[in-house]
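Take a look at the structure below.
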There are 2 protein chains.
Amino acid sequence: MGASKSDFFTQQQNQTAEIFKALGHPARIAIIEHILSMNSCICGDLVDVLPLSQATVSQHLRELKNANIIQGTIEGKGVCYCINEETIKQIKSILEIYIESSEKKNTGCC
Amino acid sequence: MGASKSDFFTQQQNQTAEIFKALGHPARIAIIEHILSMNSCICGDLVDVLPLSQATVSQHLRELKNANIIQGTIEGKGVCYCINEETIKQIKSILEIYIESSEKKNTGCC
DNA sequence: TTGTTATATTGCAATATTACGATAAAGAAA
DNA sequence: TTTCTTTATCGTAATATTGCAATATAACAA
């Protein structure tokens, strides 16, 4: 079919997957890294930095916003972006649980 | 178009995005969590646990393997799966860098 | 050998994503 | 007002992903 069967998974699993999915594109990683590399919140010079059209950059920004990874506040005629630390911390802690859980298993089968 | 312009991004960015992408599906999150919930490496009872056909589960497993998130070793007529801790740690540390970098910025613009 | 079980692969249809040109919307500057 | 600048959205084409039935492969059992 093509549509993923989200209904069969837990809300947690769906939400976790959605954040990871939003991070799963090199352009969006580049956007995040560029926002972080600025010493202040960035006000939309992303189009100059990325090899993508303005429309495409805007679309990637929307996806990051939808996943709560970045926030944008209107500032005059531009928009000011910054990272939503909470979301990053949230998935970091999920990974920590995975690592912990994996370390508890002392079967050397793989 | 539709293909992502990987050539324009760094190898690091592409690799990071690929791991996140592999984690970006609820079925694959469920697979990881099920593998971790077992006290030993799991030997392929995933099809019974997931609401997906054997073919689909196998495909998801391949994607997790390609991204180095899980490992599978043949054991008799079955396959034994476990998590590749290193890869999880690798992306955890990327997120840590993001968080650190974000915390250094004390502009309260967002 | 044949049969059974476990996993992988192939082929295909349905759906989603990616990218961009064109256009819209909204504030700033003239 | 008009024009410019900045960002968002629409429409569309190219490509990728998801899911499954059918089939293949591989190891064991009889």
Side-chain angles (χ1 to χ4, degrees), chain A residues 1-9 13-14 17-31 34-35 41-67 70-82 109-110, chain B residues 1-9 13-14 17-31 34-35 41-67 70-82 109-110:
Chain A
M1 316 274 161
S4 81
K5 306 174 102 182
S6 331
D7 295 353
F8 293 99
F9 302 102
Q13 287 168 335
N14 281 313
E18 233 173 272
I19 299 171
F20 281 130
K21 192 175 176 184
L23 293 169
H25 192 288
R28 295 195 286 268
I29 294 293
I31 288 172
H34 187 70
I35 293 178
C41 291
I42 199 181
C43 290
D45 56 357
L46 283 161
V47 179
D48 304 326
V49 179
L50 297 169
L52 297 168
S53 76
Q54 184 269 323
T56 305
V57 171
S58 184
Q59 206 172 272
H60 282 305
L61 286 168
R62 185 175 47 189
E63 275 174 74
L64 288 169
K65 261 184 280 183
N66 285 345
I70 64 172
Q71 285 172 303
T73 47
I74 295 161
E75 186 144 309
K77 62 180 163 177
V79 178
C80 177
Y81 293 106
C82 63
C109 79
C110 295
Chain B
M1 321 272 157
S4 82
K5 305 174 105 183
S6 331
D7 296 352
F8 293 98
F9 301 102
Q13 287 168 335
N14 281 314
E18 231 172 275
I19 298 170
F20 281 131
K21 191 175 178 186
L23 292 169
H25 192 288
R28 294 195 286 267
I29 294 292
I31 287 172
H34 186 71
I35 293 179
C41 292
I42 198 180
C43 289
D45 55 358
L46 285 160
V47 179
D48 304 326
V49 178
L50 298 169
L52 297 168
S53 75
Q54 184 269 322
T56 305
V57 171
S58 184
Q59 206 173 270
H60 283 304
L61 286 168
R62 183 173 50 189
E63 275 175 75
L64 288 170
K65 262 185 279 183
N66 285 345
I70 63 171
Q71 287 172 303
T73 47
I74 295 161
E75 187 143 308
K77 61 181 165 176
V79 178
C80 178
Y81 293 106
C82 62
C109 79
C110 295

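We name chains A, B, ... by the order of the sequence lines, and we start the count at 1 in each one.
Between B/Lys21 and C/dT17, a side-chain N or O to OP1/OP2 separation shorter than 4.0 Å is absent. Considering only side-chain N and O atoms, A/His60 lies under 4.0 angstrom from the phosphate OP1 or OP2 of C/dA19.
Listed here is the closest heavy atom pair of A/Pro26 and B/Ala17: N-CB, 3.3 Å.
One distance of note links CZ of A/Phe9 with CG of B/Leu50; it measures 6.0 Å at 0.5 Å rounding. Atom CG in A/Leu46 sits 10.5 Å away from atom CG in A/Leu52 (nearest 0.5 Å). Of the inter-residue distances, the one linking B/Ile29 atom CD1 with B/His34 atom NE2 reads 15.0 Å to the nearest 0.5 angstrom.
Among the heavy atoms of the strands lying under 4.0 Å from B/Leu52 are primed sugar atoms or P, OP1, OP2 only; no base atom is included.
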Which pairs would a plain distance check flag for residues 55-66 of chain A, meaning a side-chain donor or acceptor within less than 3.5 Å of a matching protein atom at least two apart in sequence or in another chain?
| residue | atom | partner | partner atom | Å |
| --- | --- | --- | --- | --- |
| A/Thr56 | OG1 | A/Ser53 | OG | 3.0 |
| A/His60 | ND1 | A/Arg28 | NH1 | 3.0 |
| A/Glu63 | OE1 | A/Arg28 | NH1 | 3.2 |

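B/Glu18 is linked by a side chain to side chain contact (heavy atoms under 4.5 Å, CB included) to nothing, counting only residues two or more places apart in sequence or in another chain.
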Give me, pair by pair, the N or O atoms of the protein and of nucleotides 5-11 of chain C that are less than 3.5 Å apart, along with how far apart they are.
| residue | atom | partner | partner atom | Å |
| --- | --- | --- | --- | --- |
| C/dA6 | O4' | B/Lys77 | O | 3.4 |
| C/dT7 | OP1 | B/Val79 | N | 3.1 |
| C/dT7 | OP2 | B/Gly44 | O | 2.9 |
| C/dA8 | OP1 | B/Lys65 | NZ | 3.0 |
| C/dA8 | OP1 | B/Tyr81 | OH | 3.2 |
| C/dA8 | OP2 | B/Ser58 | OG | 3.1 |
| C/dA8 | OP2 | B/Tyr81 | OH | 3.3 |
| C/dA8 | N7 | B/Gln54 | NE2 | 2.8 |
| C/dA8 | N6 | B/Gln54 | OE1 | 2.8 |
| C/dT9 | OP2 | B/Arg62 | NH1 | 3.4 |

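Look at CD on A/Glu75: it is 14 Å from P on D/dT6, rounded to the nearest Å. Atom-to-atom, CZ of B/Phe8 to C1' of C/dC20 comes out at 14 Å; the value is rounded to the nearest Å.
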